[in-house]
Trainee: 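Before anything else, here's the structure in question.
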Amino acid sequence: MADDTGTPRRVEALEAILVEKGYVERTALDAIVEAYEDVGPKNGAKVVARSWVDPAYRERLLVDATSAIAELGFGGRQGEHMVAVENTPEVHHLIVCTLCSCYPWPVLGLPPAWYKSPAYRSRAVIDPRGVLADFGITLAESTRIEVHDSTAEIRYLVVPMRPPGTDGWPEDKLAELVTRDSMIGTGLPVAS
Amino acid sequence: MADDTGTPRRVEALEAILVEKGYVERTALDAIVEAYEDVGPKNGAKVVARSWVDPAYRERLLVDATSAIAELGFGGRQGEHMVAVENTPEVHHLIVCTLCSCYPWPVLGLPPAWYKSPAYRSRAVIDPRGVLADFGITLAESTRIEVHDSTAEIRYLVVPMRPPGTDGWPEDKLAELVTRDSMIGTGLPVAS
Amino acid sequence: MNGAADLGGMMGFGPVVVEPEGPPFRADWERRAHAMVIAMGAAGHWNIDASRYARESLPPGEYLTSAYYEIWIKALERLLVAHGLVSAHELASQQSLRPGAELRRVLHPDDVRAMLAARRPYERPVEAAARYAVGDRVRTRNMHPTGHTRLPRYARAKTGVIERLHGAHVLPDSNAHGAGEHPEWLYSVRFAATELWGDDADPSLSVSIDAWESYLQAP
Amino acid sequence: MNGAADLGGMMGFGPVVVEPEGPPFRADWERRAHAMVIAMGAAGHWNIDASRYARESLPPGEYLTSAYYEIWIKALERLLVAHGLVSAHELASQQSLRPGAELRRVLHPDDVRAMLAARRPYERPVEAAARYAVGDRVRTRNMHPTGHTRLPRYARAKTGVIERLHGAHVLPDSNAHGAGEHPEWLYSVRFAATELWGDDADPSLSVSIDAWESYLQAP
């Protein structure tokens, strides 16, 4: 949808204007870009894996996610007020921001394009099973779905169910099973 | 908003395809175009002027507008089920079609672009006084506004109030005061 | 459907751009587009409700950035393709690549005036008596079909008063999808603006819609 | 406002185009746009709610046909102009034509990491006790402000149940317009899909929103 030539030029021109006026330093922009290259769903995967192996941590995560996540060193912008919601055989959680693109940056990184798309934002709250089908996911009809629309500064992290056949796995190997989408609710952990 | 070159070419190409396939005859299209050049708000103005001078006609118009309008020779497509609503010092009527562009073709002709615009369709039902202000109209605060959203095949005609100082005027002179917008509710008759 | 066409109550479009009274077309392609839609409608392969559904089904961004007769022509193209009368490839290449199909009816130039002047009422006889009478309080249903409906979003799950009966009319919700006319009683229902838009709304304002009986329930 | 950003329940956008896990940016201009929005946000001339309001105020057709970071950059341009930091003429000519104004704060490269890692909570102390408790039934207000709000249209005038208390948070409806933080208790409110979407909705589905106390009333 972006104009393939107009928009990059527009952005470049704006940067030049802001720099010339002394409002931004190019190296500050570089530093922001660089900072977000490092942040991604691997952070959240560590949180989930820890909750799978450490019942006390799981408890803390479900009661005060912001603090529990900070224990692992994650936090900051767009993660100030975290809530973790846990999938069970009875309930599946799905996160959306219908009004814009609210997303827990410190644990999942910046959101993928589909998360910000009108297709996802419009349909997640009225037809989540249809949305899950777009992701190749079919839940049991008996599974309830709870959709969380991030309308405030609360950021949600889905704790997916630990896959069967992973007893005794070390935490870092478990973390590899935890996909970005499984922590949004549009996916499941990789089959072990 | 229309692509100034792409759309005319697209329409022309479609016409050529339909003609080549034998689906439409160009002269039939010409005849449709010609037919709607003749139809305009002057028809509705005659209806309104008649209702101003003939109390029995006014009564028939308010009870069964389709038949009353047919008395003057107007009717047909997009005028099958007419309802006339009369402005008074207490109530001002405003017509809109929020869902598309329903409009009483036989009495008002084809709708102006603004009638079909998102700006008009979105705002007429929630902020009609703001819409009227765009048309330069300010009603008394004590005047109630009744908006009619044309969601079915009923087509509405507003009968505006007869301007003061027109006693004894002949019908055809009165009709000249009746503007298109005054029969939609976005205008008032021309001051006499 | 909850498409881009359902505009009542939306914000952000700016002021209405008023035009003086005059010819309704601003370019010749608009005249031809309008005429083609009417001529192909006369062919009898689809009805007015199907046309409206084709228009409101355009992707919302496209709907809102198209001139009105562009919406009409894009919807006409979709209907032609859906009914197998023109192929998508023909539209893309802007030329006819195979002979036309057999149309149910081809509009002849001599018949145009009579066709446009003809009343084609949407009222139908029904056996059932009207369930509601003028003055009755009714509540609109909270419904969000993916198909066509003429109950706008702003007027769903709202309580109003029956203002007029219009007889029984063809139901667009089924007619648009070739599922029959299923005529139902049609009513004007009037709502206080405070019911539609909340306590901050203008108390001197009311809005009526025309609503089929199945859109309504007891309050 | 009832702008194009308020997308919950709309239809016609087609399926979700799924992407594999990977870098969130698809072009370099997206990286720069994102970084500029953050850097100019750090200058302190507007807050996050004002940024959101600038985005949702874009003309709906433009909003829906813009890539997401285009929306961000267009809104940033509007904020810069509204705050007198860049002129519309400078944007149109794509060059700076006069010296910059005095910014409240210029983000230094060395401070970037610390700024991004800092918690900047939106919770505020308030004296008032929370009016509602977990399990209480509440009804959302029917409100249609022209200004910013975070109560989506699909969840207005609907009855739900308090699911969580989040403390008192900055109220976007006033903060977006520079009218103060006016913190209020913030709740998760859960609605049955049948309440939001009617009897035809999936009975196994619920949707929660986070709602400030002034969005709620007794049912």
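By convention in this document, chain letters (A, B, ...) are assigned in the order of the sequence lines, proteins followed by strands, and residues within each chain are numbered from 1. Keep in mind that what you see is a predicted model, and the values were worked out from it rather than measured.
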Trainee: Which answer fits B:Y36, side chain, backbone, both or neither, if we ask what part of it has an atom under 4.5 Å from a heavy atom of chain C?
Mentor: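 The answer is the side chain of B:Y36.
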Trainee: I'd like to know which of C:P121, C:P203, C:G167, C:P23 tops the heavy-atom pair count under 4.5 Å against chain B.
Mentor: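 Highest number of heavy-atom pairs under 4.5 Å: C:P121.
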Trainee: Salt bridge between C:E70 and B:R10, side-chain N to carboxylate O under 4.0 Å?
Mentor: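 No, C:E70 and B:R10 are not salt-bridged.
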Trainee: Can you tell whether the side chains of B:E15 and C:R32 come within less than 4.0 Å, N to carboxylate O?
Mentor: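 Yes, charged N to carboxylate O under 4.0 Å.
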Trainee: Answer with side chain, backbone, both or neither: which region of B:P41 has an atom nearer than 4.5 Å to a non-hydrogen atom of chain C?
Mentor: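 For B:P41, the side chain is the part near chain C, not the backbone.
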Trainee: When you check the side-chain N and O atoms of C:S204 and B:R129, is any donor under 3.5 Å from an acceptor?
Mentor: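 Looking only at side-chain atoms, B:R129 and C:S204 do form a donor-acceptor pair, the distance falling under 3.5 Å.
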Trainee: Taking B:H148, B:H81, B:R26 one by one, which has the highest count of heavy-atom pairs under 4.5 Å against chain C?
Mentor: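 The answer is B:H81.
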Trainee: Side chain to side chain contact (heavy atoms under 4.5 Å, CB included) for C:V106 and B:V24? Distances and angles first, verdict last.
Mentor: CA-CA 6 Å; C:V106 173; B:V24 301; over 6 Å; no
Trainee: So which heavy atom on C:L205 is nearest to which on B:P128, and how close?
Mentor: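 Shortest heavy-atom separation between C:L205 and B:P128 comes out as CD1-CG, 3.3 Å.
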Trainee: Within a radius of less than 6.0 Å around CD of B:E12, do more than 12 heavy atoms belonging to other residues, nucleotides or ligands occur?
Mentor: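 Not more than 12 within 6.0 Å, no.
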Trainee: For C:Y68, is it the side chain, the backbone, both or neither that has a heavy atom under 4.5 Å from a heavy atom of chain B?
Mentor: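 When you check distances to chain B, only side chain atoms of C:Y68 fall under 4.5 Å.
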Trainee: Looking at C:R98, C:R105, C:R31, which has the largest count of heavy-atom pairs under 4.5 Å with chain B?
Mentor: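 Most heavy-atom pairs under 4.5 Å with chain B: C:R31.
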Trainee: Given that the side chain runs from C-beta out, which part of C:V16 has a heavy atom under 4.5 Å from chain B: side chain, backbone, both or neither?
Mentor: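 Looking at C:V16, backbone and side chain both touch chain B.
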Trainee: Heavy-atom distance under 4.5 Å to chain B: side chain of C:R119, backbone, both or neither?
Mentor: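 Both parts, backbone and side chain.
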Trainee: Counting heavy-atom pairs under 4.5 Å with chain B, which one of C:A33, C:A155, C:P24 comes out on top?
Mentor: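 Of the options given, most contacts go to C:P24.
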Trainee: At a heavy-atom separation under 4.5 Å, does B:L18 approach chain C through its side chain, its backbone, both, or neither?
Mentor: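 Contact with chain C involves the side chain of B:L18 alone.
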Trainee: Between B:P112 and C:R26, is any pair of side-chain heavy atoms under 4.5 Å apart?
Mentor: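 They are not in contact (no side-chain heavy atoms under 4.5 Å apart), so the answer is no.
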Trainee: Would C:E90 and B:K21 count as a side chain to side chain contact (heavy atoms under 4.5 Å, CB included) here? Give the steps.
Mentor: CA-CA 11 Å; C:E90 289 176 310; B:K21 287 187 183 292; 2.7 Å; yes
Trainee: Could you check which of B:A31, B:G22, B:C100 has the highest count of heavy-atom pairs closer than 4.5 Å to chain C?
Mentor: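 If we count pairs closer than 4.5 Å to chain C, B:C100 comes out on top.
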Trainee: Does this structure show an ion pair linking B:R121 with C:D6, if we count only N-O contacts that are shorter than 4.0 Å?
Mentor: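 Salt bridge: no.
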Trainee: Can you tell which of C:E21, C:E102, C:M115, C:M10 has the highest number of heavy-atom pairs within less than 4.5 Å of chain B?
Mentor: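 The residue among C:E21, C:E102, C:M115, C:M10 with the greatest pair count is C:E21.
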Trainee: Rounded to the nearest 0.5 Å, what separation is found between the CD atom of B:E80 and the OH atom of C:Y122?
Mentor: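 The CD atom of B:E80 sits 5.0 Å away from the OH atom of C:Y122.
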Trainee: Quick check: are there more than 12 heavy atoms from other residues, nucleotides or ligands sitting under 6.0 Å from NE2 of C:H83?
Mentor: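 Yes, because the 6.0 Å sphere around NE2 of C:H83 holds more than 12 heavy atoms from other groups.
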Trainee: To the nearest 0.5 angstrom, please state how far the CZ atom of B:R144 sits from the CG atom of C:D202.
Mentor: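 That separation rounds to 11.5 Å.
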Trainee: For C:L107 and B:A28, work out which heavy atoms get closest and say how close.
Mentor: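 The pair with the smallest heavy-atom distance is O-CB, 3.7 Å.
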Trainee: Might you point out which heavy atoms bring B:V125 and C:Y154 nearest each other, and give the distance in Å?
Mentor: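 Smallest interatomic distance, heavy atoms only, reads CG1-OH, 3.6 Å.
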Trainee: C:D49 and B:E153: which non-hydrogen atoms are nearest, and at how many Å?
Mentor: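 For C:D49 versus B:E153, the nearest heavy atoms are OD1-OE2, 4.3 Å.
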Trainee: Side chain to side chain contact (heavy atoms under 4.5 Å, CB included), that's the test. Do C:R55 and B:S101 meet it? Break it down for me.
Mentor: CA-CA 11 Å; C:R55 289 168 204 154; B:S101 57; 5.8 Å; no
Trainee: Count the heavy atoms of every other residue, nucleotide or ligand shown that sit under 6.0 Å from CG of C:D199, and state whether that count exceeds 12.
Mentor: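 Counting neighbours around CG of C:D199, 12 or fewer heavy atoms of other residues, nucleotides or ligands fall under 6.0 Å, so no.
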Trainee: Give the minimum heavy-atom separation between C:P15 and B:R123, together with the two atoms involved.
Mentor: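 Here C:P15 and B:R123 meet closest at CA-NH2, 3.6 Å.
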Trainee: Side chain from CB out, backbone as N, CA, C, O: work out which of these in B:S142 comes under 4.5 Å of a heavy atom of chain C, or both, or neither.
Mentor: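 It is neither, since no heavy atom gets under 4.5 Å.
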Trainee: Name the option with the most non-hydrogen atom pairs under 4.5 Å to chain B; the candidates are C:L76, C:D210, C:V17, C:I38.
Mentor: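 The answer is C:D210.
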Trainee: Look at C:E19 together with B:K116 and state whether they make a salt bridge at an N to O cut-off of under 4.0 Å.
Mentor: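 No.
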Trainee: Given the options C:D28, C:I73, C:D111, C:I71, which has more heavy-atom pairs under 4.5 Å with chain B than any of the others?
Mentor: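 Of C:D28, C:I73, C:D111, C:I71, C:I73 has the most heavy-atom pairs under 4.5 Å with chain B.
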Trainee: Rounded to the nearest 0.5 Å, what's the gap from CD on C:E30 to CG on B:L110? Could you check?
Mentor: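 It comes to 10.5 Å.
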Trainee: I'd like to know if B:E34 and C:R113 make a salt bridge, using a cut-off of under 4.0 Å between side-chain N and carboxylate O.
Mentor: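 Answer for the salt bridge query: yes.
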Trainee: For the interface with chain C, which of B:V131, B:V33, B:T143, B:V147 has the highest count of heavy-atom pairs at distances below 4.5 Å?
Mentor: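 Of the options given, most contacts go to B:V147.
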Trainee: Between B:D127 and chain C, with a heavy-atom cut-off of 4.5 Å, which part of the residue counts as in contact: side chain, backbone, both or neither?
Mentor: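 Answer is neither: B:D127 stays 4.5 Å or more from chain C.
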Trainee: Less than 4.5 Å to any heavy atom of chain B: does that hold for the side chain of C:A39, its backbone, both, or neither?
Mentor: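 Both parts, backbone and side chain.
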Trainee: Using non-hydrogen atoms only, which part of C:L116 is less than 4.5 Å away from chain B: side chain, backbone, both, or neither?
Mentor: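 For C:L116, heavy atoms of backbone and side chain both lie under 4.5 Å from chain B.
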Trainee: Where is the tightest heavy-atom contact between B:A119 and C:F13, given as atom of each residue plus distance?
Mentor: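 Answer, listing the atom of B:A119 first, then C:F13: CA-CB, 3.6 Å.
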Trainee: So which part of B:A16 gets closer than 4.5 Å to some heavy atom of chain C, the side chain, the backbone, both or neither?
Mentor: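 For B:A16, no heavy atom lies under 4.5 Å from chain C.
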Trainee: Tell me, for B:V83 versus chain C, whether the close heavy atoms (under 4.5 Å) come from the side chain, the backbone, both or neither.
Mentor: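 Side chain only.
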Trainee: Using modelled atom types and a 3.5 Å cut-off, is there a donor and acceptor pairing between side-chain atoms of B:Y23 and backbone atoms of C:L85?
Mentor: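 Looks like yes, one N/O pair under 3.5 Å.
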Trainee: Please determine, by modelled atom types, if B:E25 and C:H108 share a side-chain donor-acceptor pair under 3.5 angstrom.
Mentor: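 There is such a pair (donor and acceptor under 3.5 Å, judged by atom type) between the side chains of B:E25 and C:H108.
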Trainee: Going by atom types alone, do B:Y156 and C:S188 pair a side-chain donor with an acceptor below 3.5 Å?
Mentor: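 Yes - a donor-acceptor pair under 3.5 Å links their side chains.
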Trainee: Evaluate the criterion side chain to side chain contact (heavy atoms under 4.5 Å, CB included) for residue pair B:I154 and C:L186; output intermediate values, then yes/no.
Mentor: CA-CA 10 Å; B:I154 312 301; C:L186 179 69; 3.9 Å; yes
Trainee: Between C:E163 and chain B, which part of the residue has a heavy atom less than 4.5 Å away: side chain, backbone, both or neither?
Mentor: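 The side chain, not the backbone.
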Trainee: Roughly how far, to the nearest 0.5 Å, is the CE atom of C:M36 from the CG atom of B:L14?
Mentor: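 Spacing of CG (B:L14) from CE (C:M36) equals 4.5 Å.
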Trainee: Pick whichever of B:D149, B:T98, B:D134, B:T151 has the most heavy-atom pairs under 4.5 Å with chain C.
Mentor: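 Option with the top pair count is B:T151.
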Trainee: Out of B:D181, B:D30, B:V91, return the one with the most heavy atom pairs under 4.5 angstrom to chain C.
Mentor: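 Option with the top pair count is B:D30.
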